[in-house]
Amino acid sequence: EDDPQVPVTVQNGPPGVYVGGQGETANAMLWKDEVSTILTGGGNSRAEYIFVNGNDIYLAGKTTLLNGNFSTLVYWKNGSINTIQDLNSENAFALLKGFTVSGNDLHAVWSENSGRYSIIKYWKNGNVTSITDAAHYAIATSLVVYGNDVYIGGNEDENGLFVAKYWKNGKAFSLSDGKTNAYANSIFIEKGNVYVAGMVST
């Protein structure tokens, strides 16, 4: 109810309607053609992204089951749960902002607390890379993989104002001039062209 939009990507998968989210018992759920399945992960878990690749169904989200009182960023493959990132008191408010599958590779991106600020982290097949440092706020909003390149959309604070940016393989590209707040909310790549949608304060 609080966040009804769950991105769904179907790639060479069987036809059908896929829905992910959280059920009435606060369990992560998958609905396929109106048939519901409770995902392992216990209460207070939710699915936030779905990717269907052939006969494999991936969902990504978070749960508290694996890490006591704190959430764990996780993904499910055909119902089996796997850890992306354990959270603790310092980064407990991490938000998963992208999950995708490319070939045999799994990719995820999120923002998490780091001291006074938040940083962007990128995960590929279990390996985590910090995209930004902890000197100021940075927030990830989207993720797309195009060929061998990984694009992350987001926003980064510079001198008290947010600059809309995207990162290509970790290298930052500014989309706004830093004179007003600007936010990059979604990124898409088509034939090598980078499209970013967002908002600029006037």
Side-chain angles (χ1 to χ4, degrees), residues 2-14 16-23 25-33 35-88 91-113 118-131 139-146 148-154 167 170 186-187:
D2 60 336
D3 186 7
Q5 299 183 25
V6 177
V8 181
T9 302
V10 180
Q11 177 175 285
N12 302 322
V17 177
Y18 300 84
V19 178
Q22 187 180 63
T25 57
N27 288 286
M29 300 283 294
L30 165 68
W31 292 266
K32 182 180 182 296
D33 298 328
V35 177
S36 62
T37 302
I38 297 176
L39 301 172
T40 57
N44 200 23
S45 60
R46 61 180 294 151
E48 298 171 338
Y49 292 86
I50 308 175
F51 195 100
V52 181
N53 187 18
N55 293 318
D56 294 324
I57 301 175
Y58 296 85
L59 297 101
K62 64 195 313 182
T63 179
T64 59
L65 178 67
L66 303 181
N67 193 22
N69 294 325
F70 297 104
S71 295
T72 300
L73 302 180
V74 297
Y75 73 92
W76 294 265
K77 178 182 179 182
N78 301 327
S80 179
I81 193 169
N82 303 272
T83 296
I84 294 177
Q85 173 79 13
D86 282 323
L87 307 179
N88 53 46
N91 64 353
F93 297 101
L95 299 173
L96 193 65
K97 288 299 183 179
F99 178 85
T100 190
V101 180
S102 179
N104 295 319
D105 296 323
L106 278 63
H107 307 261
V109 69
W110 66 90
S111 305
E112 69 174 48
N113 292 349
S118 63
I119 63 175
I120 296 173
K121 285 194 174 181
Y122 162 69
W123 175 94
K124 177 182 178 182
N125 300 332
N127 298 311
V128 178
T129 302
S130 294
I131 300 299
I139 301 171
T141 59
S142 50
L143 168 71
V144 66
V145 177
Y146 183 80
N148 294 320
D149 297 320
V150 176
Y151 295 82
I152 297 168
W167 289 261
S186 182
I187 188 167

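Numbers here simply count residues along the sequence, with the first being 1. Since the model is a prediction, treat every value here as computed from it, not as a measurement.
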Visitor: Taking the side chain from Y49 and the backbone from K97, do they hold a donor-acceptor pair closer than 3.5 Å?
Guide: yes
Visitor: Can you tell me how far the NZ atom of K124 sits from the CG atom of L106, to the nearest 0.5 Å?
Guide: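 Output value for this atom pair is 10.5 Å.
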Visitor: Name the orientation class of the two ring planes belonging to Y58 and Y75 (parallel below 30°, tilted from 30 to 60°, perpendicular beyond 60°).
Guide: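 Geometry flag for Y75 against Y58: tilted rings.
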Visitor: Is the backbone N or O of A140 less than 3.5 Å from a side-chain atom of S111, with the two atoms forming a donor-acceptor pair by type?
Guide: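 Yes; at least one donor-acceptor contact below 3.5 Å.
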Visitor: Enter the distance from F51:CZ to F99:CZ here, rounded to the nearest 0.5 Å.
Guide: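 One gets 8.5 Å once the value is rounded to the nearest 0.5 Å.
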Visitor: Is the side chain of S45 donor-acceptor paired with the backbone N or O of A28 at a distance under 3.5 Å, no angle test?
Guide: yes
Visitor: Are any non-hydrogen side-chain atoms of V17 and D33 less than 4.5 angstrom apart?
Guide: yes
Visitor: Please report the shortest heavy-atom distance between I131 and G170, naming the atom on each side.
Guide: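 Shortest heavy-atom separation between I131 and G170 comes out as CD1-CA, 4.3 Å.
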Visitor: Hey, does V150 have a side-chain heavy atom less than 4.5 Å from the side chain of L143?
Guide: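 L143 reaches V150 side chain to side chain.
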Visitor: How many angstroms lie between atom CD1 of I84 and atom NZ of K121, to the nearest 0.5 angstrom?
Guide: 13.5 Å
Visitor: Roughly how far, to the nearest 0.5 Å, is the CG atom of L95 from the OG1 atom of T141?
Guide: 12.0 Å
Visitor: Quick check: closest heavy atoms across N104 and N125, and the distance to 0.1 Å?
Guide: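 The pair with the smallest heavy-atom distance is O-OD1, 4.0 Å.
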Visitor: Which heavy atom of I50 sits nearest to which heavy atom of G20, and what is that distance?
Guide: CD1-N, 3.1 Å
Visitor: Between Q85 and W110, does the side-chain contact (heavy atoms from CB on, under 4.5 Å) criterion hold? Intermediate values first, please.
Guide: CA-CA 10 Å; Q85 173 79 13; W110 66 90; 3.7 Å; yes
Visitor: side-chain contact (heavy atoms from CB on, under 4.5 Å) for N78 and D56? Distances and angles first, verdict last.
Guide: CA-CA 6 Å; N78 301 327; D56 294 324; 3.0 Å; yes
Visitor: For a quick test of reading the model, state the closest non-hydrogen atom pair linking L59 to A47 and the distance between them.
Guide: CD2-CB, 3.7 Å
Visitor: Report the distance from atom CD1 of I120 to atom CH2 of W167, rounding to the nearest 0.5 Å.
Guide: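 Rounded to the nearest 0.5 Å, the CD1-CH2 separation comes to 3.5 Å.
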Visitor: Does either side chain, that of D86 or that of T72, offer a donor lying less than 3.5 Å from an acceptor on the other one?
Guide: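 Judged by distance alone, the side chains do pair up.
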Visitor: Give me the atom names and distance for the closest heavy-atom approach of Y18 to K32.
Guide: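 Minimum heavy-atom separation between Y18 and K32: OH-CE, 3.2 Å.
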Visitor: Does CG in N148 sit with more than 12 non-hydrogen atoms of other residues, nucleotides or ligands closer than 6.0 Å?
Guide: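 Not more than 12 within 6.0 Å, no.
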Visitor: Where is the tightest heavy-atom contact between L96 and A108, given as atom of each residue plus distance?
Guide: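 Taking L96 first and A108 second, the nearest heavy atoms are CD1-CB, 4.1 Å.
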Visitor: Using atom types as modelled and distance alone, determine if a side-chain donor or acceptor of N113 lies under 3.5 Å from a backbone N or O of S118.
Guide: no
Visitor: M29 and I38: side-chain contact (heavy atoms from CB on, under 4.5 Å), yes or no, with the steps?
Guide: CA-CA 5 Å; M29 300 283 294; I38 297 176; 3.3 Å; yes
Visitor: Can you list the steps and then say if I187 with I152 is a side-chain contact (heavy atoms from CB on, under 4.5 Å)?
Guide: CA-CA 7 Å; I187 188 167; I152 297 168; over 6 Å; no
Visitor: Verify, without hydrogens or angle tests, whether N82 (side chain) and W76 (backbone) share a donor-acceptor contact under 3.5 angstrom.
Guide: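 Checked: no pair found.
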